Amino acid sequence: QVQLVESGGGSVQAGGSLRLSCAAFGHTWNTYCMAWFRQAPGKEREGVASVISDGSTSYTDSVKGRFTISKDNAKNTLYLQMDSLNLEDTAMYYCAAAPHPKCLVVGTVPYWGQGTQVTVSS
């Protein structure tokens, strides 16, 4: 089993920045791929960004150039640096992990954190 604990959410004005963190505990060898998802009220959960063990990253189009995903392997911690936030970024953000490379697909991810709320105001 893998336990994922997110932190760093909060409220920020449009144009501001936040940094999310996700600490992984337990069978961390199953975190070959780690990702951030988000879910806004009334919307489906969507993949935001992912990173696999060789450092390769992937982003959804709406956050490219604004968000940066990174991982500190020594600390088993995943980060999401979010800059130039806008109202559409308001959502609950979830950390996720999978033992395979395609962890931006909701249905294939076995491990989830509890979520951290990000609220962007005008």
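Keep in mind that the numbers below use all heavy atoms, side chains included, and drop hydrogens, waters and symmetry copies. What you see is a predicted model, and the numbers here were worked out from it, not measured in a lab.
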How far does OG of Ser11 sit from CD of Gln117, to the nearest 0.5 angstrom? 8.0 Å
Residue pairs, two or more places apart or on separate chains, that pass side chain to side chain donor-acceptor pair (under 3.5 Å) and touch residues 73-82: Gln81-Asp83
Verify the cluster assignment for Val120 and Leu20: are they in a single hydrophobic cluster under the rule of side-chain heavy atoms below 4.5 Å apart? yes
How would you list, by chain and number, every residue that makes a salt bridge (Lys or Arg N to Asp or Glu O under 4.0 Å) with Glu46, sequence neighbours excluded? Arg38
Which residues pass the side-chain contact (heavy atoms from CB on, under 4.5 Å) test with Ala40, sequence neighbours left out? Lys43, Ala91
Once you round to the nearest 0.5 Å, how far does CG of Asp89 lie from OG of Ser62? 7.0 Å
Only counting residues at least two apart or in another chain, list the ones meeting ring-ring contact (aromatic ring centres under 6.0 Å, His included) with Tyr94. none
Please evaluate residues Phe37 and Trp112 with respect to the criterion ring-ring contact (aromatic ring centres under 6.0 Å, His included), reporting the C-alpha separation (whole Å), side-chain torsions for both, the decisive distance (0.1 Å), and the verdict. CA-CA 10 Å; Phe37 287 76; Trp112 294 91; 4.8 Å; yes
Residue list, side-chain hydrogen bond (donor to acceptor under 3.5 Å, both in side chains) with Ser122, at least two apart or on another chain: none
Please list, chain by chain and in numerical order, all residues satisfying side-chain contact (heavy atoms from CB on, under 4.5 Å) with Ser121, sequence neighbours excluded. Gln13
dist His100:NE2 -> Ile52:CD1 (nearest 0.5 Å) comes out at 12.0 Å
Side-chain contact test, heavy atoms from C-beta onward, threshold under 4.5 Å: evaluate it for Tyr59 versus Arg66 and give yes or no. no
Closest contact, heavy atoms only, Met34 versus Ile69: O-CD1, 4.0 Å
Can you find a heavy atom in the side chain of Val118 that is under 4.5 Å from one in the side chain of Thr90? no
ring-ring contact (aromatic ring centres under 6.0 Å, His included) filter on His27, not counting sequence neighbours, yields Trp29
Salt bridge (Lys or Arg N to Asp or Glu O under 4.0 Å) partners of residues 2-23, not counting sequence neighbours, each pair once: none
Might you point out which heavy atoms bring Pro110 and Pro99 nearest each other, and give the distance in Å? CG-CD, 3.9 Å
If you group Ile, Leu, Val, Met, Phe, Trp and Tyr by side-chain heavy-atom gaps below 4.5 Å, do Met92 and Val106 land in one group? yes
Are Leu80 and Leu104 co-members of a hydrophobic cluster defined by side-chain heavy atoms under 4.5 Å apart? no
Quick check: closest heavy atoms across Val109 and Ala96, and the distance to 0.1 Å? CG1-CB, 3.5 Å
Nearest atoms (heavy-atom pairs only) where Ala24 meets Thr31: CB-CG2, 4.4 Å
Salt bridge (Lys or Arg N to Asp or Glu O under 4.0 Å) contacts touching residues 92-101 (sequence neighbours left out): none
Here the disulfide bond (SG atoms under 2.5 Å apart) pairs for residues 25-67, sequence neighbours left out, are Cys33-Cys103
Quick one: side-chain hydrogen bond (donor to acceptor under 3.5 Å, both in side chains) partners of Lys64, sequence neighbours excluded? Asp61
Calculate, to the nearest 0.5 Å, the distance between atoms OG1 and NZ belonging to Thr57 and Lys71 respectively. 13.5 Å
Report yes if the side chains of Tyr93 and Gln39 come closer than 4.5 Å at any heavy-atom pair, otherwise no. no
Which pairs with one or both residues in residues 53-101 pass disulfide bond (SG atoms under 2.5 Å apart), sequence neighbours excluded? Cys22-Cys95
Could you go step by step and tell me if Leu18 and Leu85 meet the side-chain contact (heavy atoms from CB on, under 4.5 Å) rule? CA-CA 8 Å; Leu18 281 174; Leu85 285 160; 4.2 Å; yes
Please examine the side chains of Leu78 and Trp36, heavy atoms only from C-beta on, and report whether any two atoms are closer than 4.5 Å. yes
